[in-house]
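Each remark here refers to the structure printed beneath this line.
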There are 2 protein chains.
Amino acid sequence: MTAHQIVLGLAITDGYGALHGSWRAPHVPADAYADIEATIRHARAAERGKFAFLFTPDFPAVRGDIEGDTLSNVMDPIVSLTAIARATERIGFVATGSTTFREPFNQARQFKALDVISHGRAGWNAVTTSDPAVAANYGRPVADRQERYQRAHEAIQITQALWGSWEKDAWIRDKDAGRFLDPEKLRPINLGGEHVASRGPLAIPPSEQGQPVIFTSGGPSPHLLTIAGRYASGFITEVWTIEEARAQRRMIREAARDAGRDPDEIKYIVGLMTTVAPTVREGLDRRIALSGGIIEARLPHLNAMLGLRLRPEQIDDPLTPEVLAAAHSSPADPRSGIALAVAREGWSPRDVLAHGVIDYHPTVVGPGERHADHMQEWFEAGAADGFWISPDIYEDGVDAFVDEVVPLLQERGIYPSEYPGTTLRENLGVPAQYGLDPRIGDGGGAR
Amino acid sequence: MTAHQIVLGLAITDGYGALHGSWRAPHVPADAYADIEATIRHARAAERGKFAFLFTPDFPAVRGDIEGDTLSNVMDPIVSLTAIARATERIGFVATGSTTFREPFNQARQFKALDVISHGRAGWNAVTTSDPAVAANYGRPVADRQERYQRAHEAIQITQALWGSWEKDAWIRDKDAGRFLDPEKLRPINLGGEHVASRGPLAIPPSEQGQPVIFTSGGPSPHLLTIAGRYASGFITEVWTIEEARAQRRMIREAARDAGRDPDEIKYIVGLMTTVAPTVREGLDRRIALSGGIIEARLPHLNAMLGLRLRPEQIDDPLTPEVLAAAHSSPADPRSGIALAVAREGWSPRDVLAHGVIDYHPTVVGPGERHADHMQEWFEAGAADGFWISPDIYEDGVDAFVDEVVPLLQERGIYPSEYPGTTLRENLGVPAQYGLDPRIGDGGGAR
Ligand SMILES: Cc1cc2nc3c(=O)[nH]c(=O)nc-3n(C[C@H](O)[C@H](O)[C@H](O)COP(=O)(O)O)c2cc1C
Ligand SMILES: Cc1cc2nc3c(=O)[nH]c(=O)nc-3n(C[C@H](O)[C@H](O)[C@H](O)COP(=O)(O)O)c2cc1C
């Protein structure tokens, strides 16, 4: 294993970017959502930057404002990533697949087929789905947490068992003897749970990494910690502060230890939004140009976060010392501390908001160095093993990150200059696995 | 629309070929099952021959003799065909997807994503699944026919409604006005059946052909005829004689008429196994060399079919006039008439069996002309609109068919010299469709 270094993933969503109005930028193809060639360009740019993986979040439903905003998922994670696999060589694929709304056998089959076709580059982000809009697309009510997580355990164990059901040396392929497969080594799994079951086996051989890598994502509820601790090699999260992230990362490592695993085997990956620009001012202007009214709409939220009462017409006036003196962060919202710190740098409310202080993840705006500093600080504080990057605009934002940020990380010795290996496992630095992990608790009954 | 011409599909199965021992041929890569590059070669060869589509049958379970025989499915239809889509330009993809064991929303989403990514080349072979080995992989008992077909109607209607839920001109993409989508034209479907339901909408725009083409396959039970008549643009079948095929094709056309559709809109596609060789003798030798004991094992079956009592040691002796005089075909088995006709040509029992008389489909062995004659006869007798070809060995059998058979069909004017269009619909000669077909019976409630 190589030295502990940062792992990077690129969020693959709508084809446009993380800014509300990224699709409206003049240089962005308006049909990028349905044009796989656009996403392939972004994937290749990330591969140039030695990103370990592409990550497709997935809430399979139309949600939010579709008139003014884009759709937030790829058309289909498996189809999109399979197409991208054919156009790339090293980058991995972490596709979200619901344990709640997909059949374990279909899930196991498609992920392993992608793993084989991509020569060991697939990962599965195994999530439970509690979104009512998604549940409605499957004609079902939202299940309660207990049931969702019980089904998740069953689905993941069935999937991993199916992945192991074609044993490593099952495939004889002896033309002279006429022996294709060793029937002793392609065996049923016979796992039956309360919610899902499968007999198996799954007729797909090992990939170059054995089987796909399991990820999970969410907030660190006890239920999710158990999933992460037992099965996951990667944990994808959104978290705002180093303190919160360190605490969460510790919990997840502890959960792995509780399951009998080495905590270094689970990579804690935090979200980061990026605007790479020659100066902070230019970065803010790029963001403001594409904000399409959302910045103005967020002023009341900023007021609430900092205890202010700014009026819309004050949005471009730098905050006065009196206003700043009255401002305070709110312990309930981790973003408010960041917002306050930005405000104190002397920006106008519009500029404070353009810093992304009310966005989904910490946001860095400005030269590559600011991005590298942010990541290095988090990494060295034990707050993250890696980052999943949501660039402001895919079309040029991935290249800018790769050209301006990645070389700095490499110079600082905290990021690989070449892919460590050819498989996702090698590039994450997580160990080989095949079938269920034998170290895990009760050893494999779907429960 | 062009003149009525033959439509060709290529069965895509295990990567080796239809012969029991094709995987053992010296020129066949032993790992073709898991090597998508092999299947891409076969797909490209078929594309050179203007095949309209690749067809992946799919019984997602390990069945039969895996020690001596190969696995009969592709690793995964959607993953495999998506990968092939990236390596081809015109050929279409008809992937089998069970209405019994897949969630309609996932099915609708994956097929339409493949359709968009392949620029209008996707088709869905919508089948019900009654195989107990498959059902066990989903932890469920086999449903009775009534329930399977009820669910199939619901699943297909939900799928087509989801495909139509993003209306043709919904995607505004007006950067200046900031209008991405017209929310009036991306609407829920709210279809609820007894077994499956979905709210929608599905956030995938039309492809170049609108939406994927529906196929179905099976024997012509009244249940399946209703499915075919109402929804299918292609019917894939296995049938042994011209008489049987004509009767079946008539029933299917009638079913389309009953549903208010033009019967020319449903293409009846019959199976055909091929061994293209300079002479029949060379073709039989090629088949015998790879039969791996299966020919000997089938002698009792041949005896039963023809009312003979041949002993194993007689397998290489030409049939005597006395034996031939006593032989008779059995009305219960349509293959027996073919077997008898072949036997009367003076072959040994081994050679009779090597003609494929106990195989899944009619088999042609020998020069290209024999293949072209067979297809022309069926086509002109109204027994088929097209053929799905299972070559003996993919590695050279597709090229041989394309080089030796396709030019003859083209010379005879019954097969296109160029692809009629760029989409699967155009290349099948079936009309555009978007959403549910409004001509169909009760017009769209999932029932
Ligand atoms: C960063 C992050 C990414 C997530 N990605 C997905 C996703 O792509 N699809 C999904 O259905 N849920 C996703 N979730 C939701 C979680 O899987 C989970 O359903 C949610 O956090 C509620 O979990 P709980 O029931 O443990 O509270 C994500 C959550 C977080 C924090
Ligand atoms: C040529 C042909 C191809 C078929 N392909 C599939 C298939 O790929 N997967 C599958 O599950 N069933 C397949 N079937 C089975 C049918 O869909 C159906 O389940 C079977 O014929 C029983 O149907 P019934 O219930 O109407 O009698 C196929 C049948 C035929 C004749």
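Chain naming here is simple, since letters A, B, ... match the order of the sequence lines and numbering starts at 1 in each.
- Of the atoms belonging to A:A25, it is backbone heavy atoms, and not side-chain ones, that fall under 4.5 Å from chain B.
- Looking only at heavy-atom pairs under 4.5 Å with chain A, the residue among B:A34, B:A108, B:G68 that has the most is B:A34.
- When each of B:G21, B:P188, B:G292, B:P201 is scored by its heavy-atom pairs under 4.5 Å with chain A, the top score falls to B:P201.
- For A:R102, the parts lying near chain B are the backbone and the side chain together; criterion is any non-hydrogen pair under 4.5 Å.
- For A:R179 and B:E67, the salt-bridge test passes: some basic side-chain N is under 4.0 Å from an acidic carboxylate O.
- Interface remark: B:D176 contributes backbone atoms only to the contact with chain A (heavy atom separation under 4.5 Å).
- Centroid-to-centroid, the aromatic rings of A:W23 and B:F180 come within less than 6.0 Å.
- Between chain B and the residues A:P77, A:A83, A:S80, A:G293, the most heavy-atom pairs under 4.5 angstrom are made by A:A83.
- Within the 4.5 angstrom heavy-atom criterion, only side-chain atoms of B:E37, from C-beta onward, approach chain A.
- In this structure the side chain of B:I189 reaches within 4.5 angstrom of the side chain of B:L162, judged on heavy atoms.
- Looking at A:I40, the atoms closer than 4.5 Å to chain B (heavy atoms on both sides) all sit in the side chain, from C-beta outward.
- Separating the CG atom in A:N73 from the OG1 atom in A:T56 is a distance of 8.5 Å, to the nearest 0.5 Å.
- Residue B:Y16 touches chain A through its side chain alone, counting heavy-atom pairs closer than 4.5 Å.
- A salt bridge links B:R140 to A:E103: at least one charged side-chain nitrogen sits closer than 4.0 Å to a carboxylate oxygen.
- Ranking B:D65, B:N106, B:L71 against chain A, the residue ahead of the rest is B:N106, based on heavy-atom pairs under 4.5 Å.
- Between chain B and the residues A:F101, A:Y33, A:Y138, the most heavy-atom pairs under 4.5 angstrom are made by A:Y138.
- Of the residues considered (B:L114, B:V116, B:T70), B:T70 shows the highest number of contacts with chain A, using heavy-atom pairs under 4.5 Å.
- Between B:E208 and B:G120 the shortest heavy-atom distance is OE1-N, 3.8 Å.
- In this structure, the portions of A:N137 lying under 4.5 Å from any heavy atom of chain B include both its backbone and its side chain.
- Comparing A:A197, A:G139, A:G200 by heavy-atom pairs within less than 4.5 Å of chain B, the highest count is held by A:A197.
- Residue A:D35 does not touch chain B at all, counting heavy-atom pairs closer than 4.5 Å.
- In this structure, chain A has a heavy atom under 4.5 Å from the backbone of B:D174, while its side chain stays farther away.
- A side-chain donor-acceptor contact under 3.5 Å links B:R121 to the backbone of B:A85.
- A salt bridge is absent between A:E194 and A:R151: the closest approach of a Lys/Arg side-chain nitrogen to an acidic carboxylate oxygen does not fall below 4.0 angstrom.
- Of the possible donor and acceptor atoms, none in the side chain of B:T129 sits under 3.5 Å from a partner among the backbone N and O of B:T100.
- At a 4.5 Å heavy-atom cutoff, the contact between B:I36 and chain A is made by side-chain atoms alone.
- Among the candidates A:A177, A:P104, A:A113, the residue making the largest number of heavy-atom pairs closer than 4.5 Å to chain B is A:A113.
- Using a 4.5 Å cut-off between heavy atoms, B:R86 contacts chain A through its side chain alone, with no backbone atom that close.
- Of all the listed residues (A:P205, A:A61, A:P60, A:S207), the one sharing the greatest number of non-hydrogen pairs under 4.5 Å with chain B is A:P60.
- Under 4.0 Å is where a charged nitrogen must lie from a carboxylate oxygen, and between B:K112 and A:D76 no such pair does.
- When atom types are taken as modelled, the side chain of A:H119 and the backbone of A:D115 share no donor-acceptor pair closer than 3.5 angstrom.
- At a threshold of 4.0 Å, the pair A:D169-A:K185 counts as salt-bridged, since one of the basic side-chain nitrogens sits closer than that to a carboxylate oxygen.
- Proximity to chain A (any heavy atom under 4.5 Å) is shown, for B:A135, by neither the backbone nor the side chain.
- Between chain A and the options B:V28, B:L81, B:T82, B:D182, heavy-atom pairs under 4.5 Å are most frequent for B:T82.
- Of the possible polar contacts, none joining the A:Q211 side chain to the A:F111 backbone as a donor-acceptor pair under 3.5 Å is found.
- Within the 4.5 angstrom heavy-atom criterion, atoms from both the backbone and the side chain of A:A133 approach chain B.
- Neither the backbone nor the side chain of B:N190 comes within contact range of chain A; no heavy atoms are under 4.5 Å apart.
- Formation of a donor-acceptor pair under 3.5 Å by the A:S165 side chain with backbone atoms of A:L186 is not found in this model.
- Heavy-atom pairs under 4.5 Å with chain B peak, among A:R173, A:R199, A:R109, A:E184, at A:R109.
- Judged by distance alone, the side chain of A:S22 and the main-chain N or O of A:G17 form a donor-acceptor pair under 3.5 Å.
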